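Some notes on the structure that comes next.
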Amino acid sequence: MSADGFTTCLWFDGQAEEAAHYYVSIFKNSRLGRIARFSESEHGTAGSVMAVDFVANGQKFVALNGGPQFTFDEAISFQIHCEDQEEVDHYWNKFVEDGGEAGPCGWIKDKFGLSWQVVPSRLIDLISDPDTEKAARTAQAMYKMSKLDIAALEKAYAGE
C-alpha cells in the first residue's frame, strides 16, 4: 500500500468540478489537482469533467461525475474538529449560507447533500469524562442543539 494513505472518492451527478472548487474554498490547506475529462468513447459527454483531484484540509479527495445512480446519505459523514466557537461558527455558517441543511447535534448537510459534523474538540473531552454524570449532562445538552455551543456545553458539564 502506498505511504500516501487513502483518497476519498465522492460521487456526483455532474457537479464534481463545482464541488471540488467549493470544498477548496472552505478549508485551509486545500488545493485543486488534476481534472480528467471524458473522451468520446466513454459514457459521459466528450470533453466534460469526469473527475477532479483535490485536497481539502490536508485530506485527499477525488470528485467523480458518476451519474445519478448513487447519492450521499448520513451513513458517511466527515467530522470537522474545531478549536473554538469562532471556528464552529465559521464552518456552520458557511455551509448554511451556501444552501446547506442544519441537522441535530452539530450535523449539517452541504448543498451537495454530503454530511458533516462540526464538532468542538473540547466536546470529546466533556462527553468522555470518567464522571458519568458530567458526561451525561453534556450529552443531554448536545442532543438539544443544532449548531453546537461550546459555552452551553461547558455549563451543562459543570451542572449550571
Side-chain angles (χ1 to χ4, degrees), residues 1-124 126-128 139-150 153:
M1 179 182 286
S2 169
D4 291 338
F6 295 100
T7 300
T8 301
C9 181
L10 302 173
W11 183 293
F12 295 91
D13 183 18
Q15 309 107 330
E17 187 172 19
E18 176 188 356
H21 282 278
Y22 178 67
Y23 298 130
V24 166
S25 77
I26 291 176
F27 296 100
K28 295 177 184 175
N29 191 20
S30 300
R31 63 179 161 64
L32 289 174
R34 299 171 295 184
I35 297 176
R37 300 190 179 277
F38 287 108
S39 68
E40 293 203 26
S41 63
E42 296 170 312
H43 77 276
T45 303
S48 67
V49 172
M50 176 174 47
V52 180
D53 291 336
F54 67 100
V55 172
N57 197 34
Q59 302 296 310
K60 296 180 299 183
F61 292 89
V62 61
L64 172 70
N65 279 328
Q69 299 90 332
F70 303 110
T71 58
F72 299 120
D73 67 33
E74 294 81 2
I76 298 291
S77 63
F78 292 97
Q79 290 185 341
I80 305 168
H81 294 276
C82 302
E83 290 305 312
D84 54 31
Q85 191 65 47
E86 182 179 351
E87 196 172 11
V88 168
D89 293 346
H90 165 76
Y91 290 114
W92 189 270
N93 295 339
K94 185 67 176 164
F95 284 129
V96 169
E97 290 167 3
D98 289 340
E101 179 184 333
C105 304
W107 287 62
I108 191 165
K109 284 186 183 181
D110 68 26
K111 65 183 179 179
F112 301 104
L114 187 59
S115 292
W116 298 85
Q117 297 176 51
V118 183
V119 180
S121 297
R122 178 76 174 123
L123 175 65
I124 307 307
L126 299 176
I127 63 174
S128 61
Q140 289 303 314
M142 178 191 67
Y143 296 148
K144 296 174 185 169
M145 297 178 186
S146 187
K147 178 174 70 172
L148 299 181
D149 179 330
I150 298 170
L153 293 166

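The shown structure was predicted, so the numbers you read here are calculated from the model rather than taken from an experiment.
Using cut-offs of 30° and 60° for the angle between ring planes, the Phe12 and Tyr23 rings count as tilted. Ring geometry, Tyr22 versus Phe112: the interplanar angle exceeds 60°, so the pair is classed perpendicular (tilted spans 30 to 60°).
Of all non-hydrogen atoms in Asn93 and Lys147, the two that sit nearest each other are OD1-NZ, 4.0 Å. In terms of heavy atoms, Val62 sits closest to Ala51 at CG2-CB, 3.9 Å.
No more than 12 heavy atoms of other residues, nucleotides or ligands lie within 6.0 Å of CD in Glu40, so this atom counts as exposed by the packing criterion.
Note that CE of Met142 is 7.0 Å distant from CG of Leu148, once rounded to the nearest 0.5 Å. A distance of 3.5 Å separates NZ in Lys109 from CD in Glu74, rounded to the nearest 0.5 Å. Between the CH2 atom of Trp92 and the CD atom of Gln85 there is a distance of 11.0 Å, given to the nearest 0.5 Å. Going from atom CG of Leu123 over to atom CG of Asp149 covers 11.5 Å, rounded to the nearest 0.5 Å.
A centroid separation of 6.0 Å or more is found between the aromatic rings of Phe78 and Phe27. Ring to ring, Trp116 and Tyr91 are not that close: their centroids are 6.0 angstrom or more apart.
Without hydrogens or angle criteria, Asn57 side chain to Ser30 main chain gives no donor-acceptor distance under 3.5 Å. Listed for the Ser146 side chain is a donor-acceptor partner under 3.5 Å among the backbone atoms of Gly103. One N or O on the side chain of Gln15 and one on the backbone of Asp13 form a donor-acceptor pair closer than 3.5 Å. Remark: side-chain polar atoms of Glu101 are not paired, donor with acceptor, to backbone N or O of Gly113 under 3.5 angstrom.
A salt bridge is absent between Asp53 and Lys60; no separation between the charged side-chain nitrogens and carboxylate oxygens falls under 4.0 Å.
Defined by atom type and a distance below 3.5 Å, a donor-acceptor pair is present between the side-chain atoms of Gln117 and Ser77.
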